[in-house]
Amino acid sequence: MKLLTGKTALITGATRGIGRAIALRFAQEGAHIAFTYISNHEKAKLLEDELNAMGICAKGFCSDASVFPEAEKLIQQVITEFKQLDILVNNAGITRDNLILRMTEKDWDDVLSVNLKSVFNLSKATIKYFLKQRNGSIINLSSVVGVNGNAGQVNYASSKAGIIGFSKSLAQEIGSRNIRVNVIAPGFIKTEMTEQISPEAQEKWKAMIPLQRLGEGKEVADAALFLASDLSSYVTGHVLQVDGGMG
Ligand SMILES: NC(=O)c1ccc[n+]([C@@H]2O[C@H](COP(=O)([O-])OP(=O)(O)OC[C@H]3O[C@@H](n4cnc5c(N)ncnc54)[C@H](OP(=O)(O)O)[C@@H]3O)[C@@H](O)[C@H]2O)c1
């Protein structure tokens, strides 16, 4: 028996990087997959086809995670289409890096909306279904930067630290209903997001990582699989750092 047979997972921002790796890993373990993206229709179609070819049901939804009414509409569509929802992975995220003196108000607002408000939006819209079935697992993607801070990323670090406070609080609120809420705080993972960082800065980061290399999306996906499945049935309110030891 596979670890997620009979479960349905919704993953935000799965056309690329970590979200994509999580979608593929969950599908390997038998989960049906609903996923979202913001603009990349072509990559969404490719992922949908790849997932469906694995023998599970998959569908991509173009939905802005930072807009509450879109989140509510999305959850209704997912329930209509899949008839159930068991796992929510809040993965969608962006960066707009700059030193604070050069950071615009829009850079701050955009990052807080897409990275943190989205977690509120999707969690709130999902929880009513989880409460009815008295079961559910929410996994929120923070970052080592949310734990330690990082110069040039006050907006990103604030959003990612906020996710940790949100998740620990929500875990306390809904634990009695058998709904678990956990956080993954990745370190430096090879994706389009980290491609934006200069090679010099990448080398500097690598030197600070005890395992001396960048992580892979699939290594974060394995941690997500643990938190999504019954392997972690007594784990909630936890921050799992997947960072090669740098945290
Ligand atoms: N990569 C790392 O080293 C690292 C480290 C720590 C934490 N993280 C966190 O892990 C998560 C995934 O990172 P990644 O590197 O895989 O990112 P990525 O490669 O940049 O992919 C971001 C994904 O989010 C989607 N997205 C962006 N804005 C959205 C919105 N408003 N609504 C819905 N979807 C949206 C994108 O869709 P489109 O393709 O349509 O644009 C894409 O699928 C993020 O929360 C990030 O902060 C990453």
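Atoms within each ligand, like the ligands themselves, are counted from 1 in listed order.
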Contact check: T36 vs ligand 1, nitrogen or oxygen atoms, below 3.5 angstrom = no
Does an N or O from T191, backbone or side chain, lie closer than 3.5 Å to an N or O of ligand 1?
-> yes
heavy-atom search around atom 41 (O) of ligand 1 in the protein gives R16 NH2, 2.8 Å
Answer side chain, backbone, both or neither: which part of A44 comes under 4.0 Å from ligand 1, heavy atoms only.
-> neither
Return the option from I18, N140, L47 holding the heavy atom at the smallest distance from atom 13 (O) of ligand 1.
-> I18
Look at the aromatic rings of H32 and F82 and report parallel, tilted or perpendicular, splitting at 30° and 60°.
-> tilted
Judging by distance only, is a nitrogen or oxygen of I38 under 3.5 angstrom from one on ligand 1?
-> yes
Option with minimal heavy-atom separation from atom 46 (C) of ligand 1, where the choices are W205, F35, Y156 = Y156
Quick one: sort the H41 and Y37 rings into parallel, tilted or perpendicular, breaks at 30° and 60°.
-> perpendicular
Where M54 and L24 come nearest, the two heavy atoms and their spacing | CE-O, 3.6 Å
May I ask you to check if ligand 1 and A65 share an N or O to N or O distance below 3.5 Å?
-> yes
Logged contact type for T194 with ligand 1, heavy-atom cut-off 4.0 Å, is side chain
Report yes if some N/O of Y37 lies less than 3.5 Å from some N/O of ligand 1; otherwise report no.
-> no
Does one side chain, of S159 or N115, offer a donor that lies under 3.5 Å from an acceptor on the other?
-> yes
Report yes if some N/O of D64 lies less than 3.5 Å from some N/O of ligand 1; otherwise report no.
-> yes
Among I139, V220, L227, N182, whose side-chain contact (heavy atoms from CB on, under 4.5 Å) with L240 holds?
-> L227
Minimum-distance protein heavy atom relative to atom 44 (C) of ligand 1 = N91 O, 3.1 Å
